[in-house]
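Here the structure comes first, spelled out in structure tokens, and everything after it is commentary.
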Amino acid sequence: MSLTSNLRQFQSAARLEQILGSVHDNNNDFSWSAAIERDEKEQYPQRAVDFLNAVGMNRFYVPSELGGRMEIGEELLYLHRVLARRDLTINSTYSTNAWSVIVWIGGNANQCQNIASRILSGAAPALAYSEKAHGADLLSSEVTAQPAESKYILNGEKWSINRATLGDSLSLIAKTSNDRGPRSLSAFWLDKRHMASKGTYSLNRLPTVGMRGLDISGIGFNNAEIHKDALIGEEGQGLELGLKTLQVTRAYCSSFSLGAGDTMLRIATEFAIERELYNKKVISIPLVREQLATAYAYLLAAEVLSLVGARGLHVCINQFSTWSPIVKVLVPEYVESLAKITSSVLGSRFFLRNAYADGMYQKAFRDHLIVSVFDGSSTVCLDSLSFQLKSANKGRSKKADHLNQVEAKARYRQLYDLQVETDAIDFRGLEIFNRDGDLVLESLETIIEMLNDAEATVGLSTEMLSTLREHADRLLVEQRTLDQKIQNYFSSSEESKEFETLRFSLARGYAELFARIAVLGFWVFNRHGLRTALKDGAWLIIFLNAAEGQTSPPITSLRESTLADLLDRISTNHMLSVIDFALAPRDAKPVKEEITP
């Protein structure tokens, strides 16, 4: 069976794509022209939000047992990818619904049912974690929630919050203890409709470089009273619940990158096809062909890493504290590499705000700049990952001693193979610290075995197969070397600034190794379902070469094979994806119908 949008996990997104109509329809709120117009006016996308509620997208944030349709990790990822390719402002605004995850993780039965009802009725939640003076340093938070009989009294300000003013609900982290330790914070879910205006006030909206229509503002509390039922989990559990929630939302941030990357690469490629220089089309220039092929390989790799991450929520959610930061760091970086490449293809048109495609490339470019900062910057994510390297490696080492190869391969297939269905996500299985190991790194030796299996590699040329085996062998050497470096680091008692720098370097190396193994593993397990142009692995080799830092241009045959698929996706109006995913026809109008698979 081919990897198409007919697979269960992509059907809802495929339906939403058709419901939203064409990005080229100037009268469509989900078109590129509407996105640009709102951006110029710094206009909040309220009509788009109302439309999405009307077609039932809010149901995909609520678990099925509570009346929603939140079942499959890849499903929500691709629903948001459909939005993001149209307008990251809409995507960012609507994505705040995902903060309800904190309730599915730590809420009691009544809270889960009540907040599920609110989300299903169109609630607009916001995440109130950060403060102006402290940013991502949650333990330094100054907003307090003082217990008093059957209520808490809130004081302080939360700042730079998406939907803080226009939203009607808040996921709030506040201090319930004067200590600075991990039990000093508690989590609350606030329904602003039930809070008297006395005691709360809105902070001014903040102008932004990209996604200019967002409601980025803040909220202040001055002896504001909330009922004790607003507490999520136990008092002192706020940091734990907040960090677990961020594991999920960080993984879904990749939808922003995939959508923006699709738009930027599509526009740059169409420009190269149309533009004539030196008496020939720009697309015929070998250097441009190489650049576009490389950019496409980066986008496909970003997508594959996102898919593996989303499936990890099902298959090994107790390892997600290390997986999530890797996806959050590298997916935006791959698309930033794509942006750098495609901006050079546009040349001076990149610097001019609306000289081509009405400036949609420039909007996607500047909108994407903040994605690497969302829900924890790359530095914050790598810091989180670095402290777990020892325990993750120790967990993997313990498993290796009694690994059943047949069972292990079945689990790798469940992780990588998109045609293997997964169980529903159990968010209560999230852990703050990964002590279980790493299924992706663990899978490398099986991947190597499959590359030496004639059935798995049938149809591959000798040259391609040899190159891929060489890459896999290098990955294994790199993995063993990194394991030793991690062991040496954590067995040393030395402490210095250089030592801390090394810790970040190890985390970066681990993340990059994880990503290359994940992309290779996905290709091996899904190869026979990929369309012909992707089955041969040309795009994969281009990516692996680039990820290893090779600067020599790709072999002409690799470049041409990869570019041919890119041009085919654009000419046939398909998403730039490993999935065969048709886009709405150029003349399609939006249709307000329920999203149904």
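Predicted model only: the values in this text are computed from it and were never measured.
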Next on the checklist: Run the ring-ring contact (aromatic ring centres under 6.0 Å, His included) test against Y252 and tell me which residues pass, sequence neighbours left out.
Outcome noted: none

Next on the checklist: Would F525 and M450 count as a side chain to side chain contact (heavy atoms under 4.5 Å, CB included) here? Give the steps.
Outcome noted: CA-CA 9 Å; F525 278 93; M450 292 178 70; 3.4 Å; yes

Next on the checklist: Using a strict threshold of under 4.0 Å (side-chain N to carboxylate O), is an ion pair present between R15 and E594?
Outcome noted: no

Checklist entry - Sequence neighbours excluded, which residues qualify as side-chain contact (heavy atoms from CB on, under 4.5 Å) partners of T263? => result W32, R85, I267, M360, A364

Next on the checklist: Does R47 have more than 12 heavy atoms from other residues, nucleotides or ligands lying within 6.0 Å of its CZ?
Outcome noted: no

Next on the checklist: For the CG atom of D453 and the CD1 atom of I447, what is their distance to the nearest 0.5 Å?
Outcome noted: 13.5 Å

Item to check | For S95, all residues meeting side chain to side chain donor-acceptor pair (under 3.5 Å), sequence neighbours excluded | outcome: none

Checklist entry - So how far is it from L566 CG to I570 CD1, rounded to the nearest 0.5 Å? => result 4.5 Å

Item to check | Side chains of S160 and S130, donor plus acceptor under 3.5 Å | outcome: no

Checklist entry - Got a sec, which residues hit side-chain contact (heavy atoms from CB on, under 4.5 Å) with S384, two or more places apart in sequence or on another chain? => result Q388

Item to check | Check against side-chain hydrogen bond (donor to acceptor under 3.5 Å, both in side chains), D536 and S561 | outcome: CA-CA 9 Å; D536 69 0; S561 174; 2.9 Å; yes

Item to check | Results of salt bridge (Lys or Arg N to Asp or Glu O under 4.0 Å) for R586 - residues two or more places apart only | outcome: none

Checklist entry - Looking at CZ of R163 and CG of N97, how far apart are the two atoms once the value is rounded to the nearest 0.5 Å? => result 6.0 Å

Checklist entry - With sequence neighbours excluded, what pairs up with R559 under the side-chain contact (heavy atoms from CB on, under 4.5 Å) test? => result P286, R289, E290, A293, P554, T556

Checklist entry - Is a side-chain donor-acceptor pair under 3.5 Å present for H24 with S22? => result no

Item to check | Backbone of F320 reached by a side-chain donor or acceptor of S324 within 3.5 Å | outcome: no

Item to check | Whether over 12 other heavy atoms sit under 6.0 Å from K281 NZ | outcome: yes

Item to check | Any donor-acceptor pair under 3.5 Å from T96 side chain to P125 backbone | outcome: yes

Next on the checklist: Once salt bridge (Lys or Arg N to Asp or Glu O under 4.0 Å) is applied, do any residues pair with E37, and if so which ones, sequence neighbours excluded?
Outcome noted: K41

Next on the checklist: Checking T4 against S2: is there a side-chain donor and acceptor pair closer than 3.5 Å?
Outcome noted: no

Item to check | side-chain hydrogen bond (donor to acceptor under 3.5 Å, both in side chains) between S343 and Y361, worked out | outcome: CA-CA 9 Å; S343 64; Y361 179 98; 4.5 Å; no

Checklist outcome for this item: Value for CD1 (I542) from CD1 (I555), rounded to nearest 0.5 Å, stands at 9.5 Å

Item to check | ring-ring contact (aromatic ring centres under 6.0 Å, His included) partners of F522, counting only residues at least two apart | outcome: none

Checklist entry - D565 side chain to A533 main-chain N or O, any donor-acceptor pair under 3.5 Å? => result no

Checklist entry - Is the backbone of T89 close enough, under 3.5 Å, to the side chain of T93 for a donor and an acceptor to pair up by distance? => result yes

Item to check | Contacts of type ring-ring contact (aromatic ring centres under 6.0 Å, His included), residue F271, not counting sequence neighbours | outcome: Y356

Next on the checklist: Could you measure the distance from the CZ atom of F543 to the NE2 atom of H471? Nearest 0.5 Å is fine.
Outcome noted: 10.5 Å

Next on the checklist: Between L506 and S386, does the side chain to side chain contact (heavy atoms under 4.5 Å, CB included) criterion hold? Intermediate values first, please.
Outcome noted: CA-CA 7 Å; L506 292 172; S386 69; over 6 Å; no

Checklist entry - Under 3.5 Å, is there a donor-acceptor pair between the side chain of R516 and the main chain of L475? => result no

Checklist entry - Under 3.5 Å, side chain of N526 to main-chain N/O of L418, donor-acceptor pair present? => result yes

Item to check | Side-chain (E74) to main-chain (Q9) donor-acceptor, under 3.5 angstrom | outcome: no

Checklist entry - Is a side-chain donor or acceptor of T457 paired with a backbone partner of L460 at a separation under 3.5 angstrom? => result no

Checklist entry - With the threshold set at 4.0 Å, does a side-chain nitrogen-carboxylate oxygen contact exist between K589 and D25? => result yes

Item to check | Donor on one side chain, acceptor on other, H368 and S257, under 3.5 Å | outcome: yes

Checklist entry - Hey, are the side chains of R81 and S254 touching, using non-hydrogen atoms and a 4.5 Å cut-off? => result no

Checklist entry - Would a distance-only check, ignoring hydrogens and angles, find a side-chain to backbone donor-acceptor pair under 3.5 Å from S466 to T462? => result no

Checklist entry - Who passes side-chain contact (heavy atoms from CB on, under 4.5 Å) against L300, sequence neighbours left out? => result Y296, E303, L534, W539, V578

Next on the checklist: Hydrogens and angles aside, do S92 and N162 bring a side-chain donor and acceptor to less than 3.5 Å of each other?
Outcome noted: yes

Item to check | Euclidean distance, T249 OG1 relative to L127 CG, rounded to 0.5 Å | outcome: 7.5 Å

Next on the checklist: Measuring only between side-chain heavy atoms, which start at C-beta, is L3 closer than 4.5 Å to Q419?
Outcome noted: yes

Checklist entry - By ring-ring contact (aromatic ring centres under 6.0 Å, His included), which residues pair with F374, not counting sequence neighbours? => result F256

Side-chain polar contacts of residues 48-57 - donor-acceptor pairs under 3.5 angstrom, sequence neighbours left out - could you list them?
from : atom 1 : to  : atom 2 : distance (Å)
D50  : OD1    : Q46 : NE2    : 2.9
N53  : OD1    : Y94 : OH     : 2.6

Checklist entry - Taking the six-membered ring where the residue is Trp, are the ring centres of W99 and Y61 under 6.0 Å apart? => result no

Checklist entry - With no hydrogens and no angle check, is any side-chain donor or acceptor of R86 less than 3.5 Å from a backbone partner on E17? => result yes

Next on the checklist: If you count every heavy atom of other residues, nucleotides or ligands that lies below 6.0 Å from E463 atom CD, does the total exceed 12?
Outcome noted: no

